[in-house]
Protein chains: 2
Amino acid sequence: MSQIPLARRSPVPPDTCNLAKAIDLIGDRWTLLILRAALYGVRRFDDFQSELGCPRTVLSGRLKKLVDAGLLTKKAYKAPGKRARPEYVLSATGLSLRPILIGLTQWGDAWLGQGEAPPISFTKAGSKSAIRAAFVDVEGREVRPDQIRPVLRG
Amino acid sequence: MSQIPLARRSPVPPDTCNLAKAIDLIGDRWTLLILRAALYGVRRFDDFQSELGCPRTVLSGRLKKLVDAGLLTKKAYKAPGKRARPEYVLSATGLSLRPILIGLTQWGDAWLGQGEAPPISFTKAGSKSAIRAAFVDVEGREVRPDQIRPVLRG
DNA sequence: TGTATAGGTTCGCATTCTAAATCCAGATCA
DNA sequence: TGATCTGGATTTAGAATGCGAACCTATACA
């Protein structure tokens with residue numbers, strides 16, 4: 001069990017760390033649940049609302065924040081015979097959160113699932129065996145967690 | 001750009017999904033910042049407090065929650081000439097969040113960093129080239145994002 | 001003309017967060 | 001023996017954010 005050595009401070013203070021910025025942006029319950037739904041293809045206000053069960057005011061505010069931050073793109077769609085409505089689609093920025101949310105799903109399956117089989121898992125197209133979130137080097141080969149070393153800039 | 005098809009609902013409702021459980025547990029600003037600090041080796045109440053600048057009441061509550069959930073282990077330490085104090089050390093459960101937080105750090109570097117070089121990066125021990133969060137198959141080979149397929153149980 | 005529908009906003013109340021002061025137990029020191 | 005210090009945590013009161021329900025708006029259709 002690779003014990004992390006005692007430190008009085010993080011090597012990078014929270015206010016210059018991009019992790020802290022990311023946490024400020026998406027580190028709350030409703031925002032994360034919105035992104036989860038978006039990654040499964042939910043795009044419309046009322047669909048988000050009925051899936052999450054969150055107050056419409058909160059949903060409206062969070063969607064606006066995500067659009068402003070560039071994670072979601074607001075575009076109009078028009079069902080025939082209906083008026084045009086906005087639709088919230090993940091941008092490249094938002095899509096690239098997928099490994100993180102899948103990783104967190106699998107972490108939840110492993111540690112919070114109470115021994116139940118996970119309700120959803122992920123495979124490589126055309127294969128039946130599961131995939132998992134991990135670290136890879138430039139050549140795409142896995143790097144084990146105990147092989148990871150932080151490097152400070154400068 | 002692999003556009004995700006429209007869905008009215010997620011395939012797994014949030015209340016049976018372990019991602020939602022994970023979000024309930026660690027999906028808030030202070031908890032995530034605590035875990036970040038813990039992964040860098042911070043262990044003591046006042047060290048967390050001075051690093052995060054969060055209200056002591058919040059810190060106290062969050063630490064308790066994380067201990068109850070088994071992400072942190074509370075053990076005593078004793079500096080010579082001082083009385084014994086509790087220390088909050090990551091358990092295996094907590095440690096296994098590392099790939100997720102590093103992944104989120106790199107996501108922030110890529111999309112929120114405003115063109116600056118990231119203040120911290122990660123390499124494989126004994127190597128100089130950077131590693132990144134990704135998906136791998138059972139043999140540890142990278143699976144590209146567009147090759148990922150969700151599979152429902154049952 | 002009226003009604004239905006999707007996407008919001010407005011409103012009043014409840015919960016949670018925040019900051020500062022306080023408490024507490026045990027070493028150390030006079 | 002008592003006074004003091006110190007790290008860990010609780011109390012309290014005000015601010016921010018959350019919540020749910022009702023309401024508003026623009027188009028399509030009957």
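Residue numbers begin at 1 in each chain, while the letters A, B, ... track the order of the sequences. Every heavy atom of this structure was used, including side-chain atoms; hydrogens, water molecules and symmetry mates were not.
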- Message: Is any side-chain heavy atom of A:Leu35 closer than 4.5 Å to one of A:Leu66?
- Response: yes
- Note on the structure: Applying side-chain hydrogen bond (donor to acceptor under 3.5 Å, both in side chains) to A:Ser96 and not counting sequence neighbours gives B:Trp107, B:Trp111
- Task: Using side-chain hydrogen bond (donor to acceptor under 3.5 Å, both in side chains) as the criterion, list what pairs up with B:Arg43, not counting sequence neighbours.
- Result: none
- Message: Using side-chain heavy atoms (C-beta onward) and a distance below 4.5 Å, is B:Glu142 in contact with A:Glu139?
- Response: no
- Item | Residue list, side chain to side chain contact (heavy atoms under 4.5 Å, CB included) with A:Ala125, at least two apart or on another chain | B:Gln147, B:Arg149
- Query: Quick one: side-chain hydrogen bond (donor to acceptor under 3.5 Å, both in side chains) partners of B:Asp137, sequence neighbours excluded?
  - Reply: none
- Name the first nucleotide and the last nucleotide along DNA chain C (5' to 3') that come under 4.0 Å of a heavy atom in chain B. C:dC17 to C:dT28
- All pairs passing side-chain hydrogen bond (donor to acceptor under 3.5 Å, both in side chains) where residues 49-60 of chain B contributes a residue, at least two apart: A:Ser10-B:Glu51, B:Arg36-B:Glu51, B:Asp46-B:Arg56
- Item | Distance (rounded to the nearest 0.5 Å) between B:Lys65 NZ and B:Thr31 OG1 | 5.5 Å
- Charged N-O contact under 4.0 Å between A:Arg9 and B:Asp47: no
- Report the end-to-end axis angle of the helix from C:dT1-D:dA30 to C:dA30-D:dT1; each axis comes from five terminal pairs, and the value is rounded to 10°. 10°
- Query: Quick one: does B:Pro99's side chain get under 4.5 Å of A:Phe135's, heavy atoms only?
  - Reply: yes
- Task: Indicate yes or no: at least one non-hydrogen side-chain atom of A:Leu90 is less than 4.5 angstrom from one of A:Leu72.
- Result: yes
- Residues B:Asp28 and A:Arg29 bridged, charged N to O under 4.0 Å: no
- Answer yes or no: does a side-chain N or O of B:Tyr88 lie under 4.0 Å from OP1 or OP2 of D:dG7? no
- Residues from residues 40-52 of chain B lying under 4.0 Å of DNA chain D - heavy atoms: B:Phe45, B:Asp46
- Note on the structure: For B:Arg85, the side-chain hydrogen bond (donor to acceptor under 3.5 Å, both in side chains) test, sequence neighbours excluded, returns none
- Item | Pair listing, side-chain hydrogen bond (donor to acceptor under 3.5 Å, both in side chains) test, anchored in residues 112-124 of chain A, at least two apart | none
- Item | Passing candidate, side-chain contact (heavy atoms from CB on, under 4.5 Å) with A:Ile34, options A:Ile26, A:Val42, A:Leu59 | A:Leu59
- Between residues 73-81 of chain A and DNA chain C, which residues have a heavy-atom gap below 4.0 Å? A:Lys74, A:Tyr77
- Quick one, give me the B/S/- string for nucleotides 14-26 of chain D, reading 5' to 3', where B means a protein heavy atom under 4.0 Å from the base and S means that only happens at the primed atoms, P, OP1 or OP2. ----SBBB----B
- Item | Short side-chain N/O contact from B:Lys64 to OP1 or OP2 of D:dT10, under 4.0 Å | yes
